[in-house]
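Residue indices begin at 1 and follow the sequence shown. Note that this is a predicted model, so its numbers are computed, not measured.
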Amino acid sequence: MSFDKRTFWLDMLTKRELPKAAAFVGFELIEFNEDEAWIKAAFFLPPEATNPGGDAQGGFISAMLDEVMSIAGSIAQDGPAMAPTLQMTTSYIRPVPVGVRLIGRGECVRRGRSGIFTRGELTSADGKLLAQATASCIPRPMDW
């Protein structure tokens, strides 16, 4: 029986209960391409994600980028798999507002046997770059 990557990831990202961290940052799938290993998602941060200045605290910005980059690394693999982040670097370009729709895009830059390299961007709904990141991940097959 062959593995239908598109159906598997569509089910994982839309029909199952989201992990609590993804739900907290308001993850919502927009689209993905399993052949090119990229994903685009919307996020909506709650007021609990603010820093003292009223914008998003950096850890939540990194969490949104980590989400799209890890998914991109996961869908880059051949079967049901995950791509836990080994190392991540985030650049905070502009203050990130909370309570508004944000757009994240992650893509797999290179997939190897022992490592996956990804990059991601977080933008405002009108396309203004807010933050960007790169990460290295470890390929891990799902055991189910």
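- Sorted by first and then second residue, the salt bridge (Lys or Arg N to Asp or Glu O under 4.0 Å) pairs with a member in residues 83-97 form an empty list; sequence neighbours excluded.
- Side-chain heavy atoms closer than 4.5 Å link hydrophobic residues (I, L, V, M, F, W, Y) into clusters, and following such links, possibly through other members, connects Met69 to Phe24.
- Around atom CD of Glu17, no more than 12 heavy atoms belonging to other residues, nucleotides or ligands sit under 6.0 Å away.
- In this structure Pro141 satisfies the side-chain contact (heavy atoms from CB on, under 4.5 Å) test with no other residue, sequence neighbours excluded.
- A search for side-chain contact (heavy atoms from CB on, under 4.5 Å) contacts involving Lys5 returns Phe3, Trp9, Glu34, not counting sequence neighbours.
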Exercise. Between Val100 and Ser124, is a side chain to side chain contact (heavy atoms under 4.5 Å, CB included) present by the stated rule, with each step listed?
Worked result: CA-CA 8 Å; Val100 299; Ser124 59; over 6 Å; no

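- Follow the hydrophobic side-chain contacts under 4.5 Å out from Phe8 and you reach Phe32 in the same cluster.
- With a 4.5 Å cut-off on side-chain heavy atoms, Ile39 and Leu13 count as touching.
- For Gln77 against Pro139, the heavy-atom pair with the smallest separation is OE1-CB, 3.3 Å.
- Listed here is the closest heavy atom pair of Asp55 and Pro95: OD2-CB, 3.4 Å.
- Connectivity analysis of hydrophobic side chains (ILVMFWY, heavy atoms under 4.5 Å, direct or indirect) links Phe44 to nothing; its cluster partners are none.
- What you find for Ile30 and Ala41 is that their closest heavy atoms are CD1-C, 3.7 Å.
- Partners of Phe27 under the ring-ring contact (aromatic ring centres under 6.0 Å, His included) rule, at least two apart in sequence or in another chain, are Phe43.
- There is a path of hydrophobic side-chain contacts, each under 4.5 Å, that joins Ile75 to Met82.
- Closest non-hydrogen pair, Ala72 versus Ala37, comes out as CB-O, 3.7 Å.
- For Thr14, the side-chain contact (heavy atoms from CB on, under 4.5 Å) partners two or more places apart in sequence, or in a different chain, are Leu10, Leu29.
- Annotation: side chain to side chain donor-acceptor pair (under 3.5 Å) contacts of Asn33 (sequence neighbours excluded): none.
- No single ILVMFWY cluster, assembled from side-chain heavy atoms under 4.5 Å apart, contains both Ile103 and Leu130.
- Of the inter-residue distances, the one linking Glu36 atom CD with Cys108 atom SG reads 12.0 Å to the nearest 0.5 angstrom.
- Within the structure, every pair that satisfies the salt bridge (Lys or Arg N to Asp or Glu O under 4.0 Å) test and touches residues 106-117, not counting sequence neighbours, is listed here: Asp78-Arg111, Arg105-Glu107, Glu107-Arg119.
- Once rounded to the nearest 0.5 Å, the distance linking CD1 of Ile116 with CD1 of Ile138 reads 9.5 Å.
- When the salt bridge (Lys or Arg N to Asp or Glu O under 4.0 Å) test is applied to Asp126, no partner is found at least two apart in sequence or on another chain.
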For this session: Tell me, with the steps shown, if Val25 and Leu45 meet side chain to side chain contact (heavy atoms under 4.5 Å, CB included).
Result: CA-CA 5 Å; Val25 295; Leu45 287 176; 3.8 Å; yes

Name the atoms and distances for all side-chain donor-acceptor pairs under 3.5 Å in residues 56-66, with sequence neighbours left out.
{"from": "Gln57", "atom 1": "OE1", "to": "Gly59", "atom 2": "N", "distance (Å)": "2.7"}
{"from": "Ser62", "atom 1": "OG", "to": "Thr90", "atom 2": "OG1", "distance (Å)": "3.0"}
{"from": "Ser62", "atom 1": "OG", "to": "Tyr92", "atom 2": "OH", "distance (Å)": "2.9"}
{"from": "Asp66", "atom 1": "OD1", "to": "Ser70", "atom 2": "OG", "distance (Å)": "3.3"}
{"from": "Asp66", "atom 1": "OD1", "to": "Thr85", "atom 2": "OG1", "distance (Å)": "2.5"}

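- A continuous path of ILVMFWY side-chain contacts below 4.5 Å connects Val68 to Leu18, so both sit in one hydrophobic cluster.
- With sequence neighbours excluded, the residues forming a salt bridge (Lys or Arg N to Asp or Glu O under 4.0 Å) with Asp11 are Arg16, listed by chain and number.
- For Arg101, the salt bridge (Lys or Arg N to Asp or Glu O under 4.0 Å) test picks out Glu28, with sequence neighbours left out.
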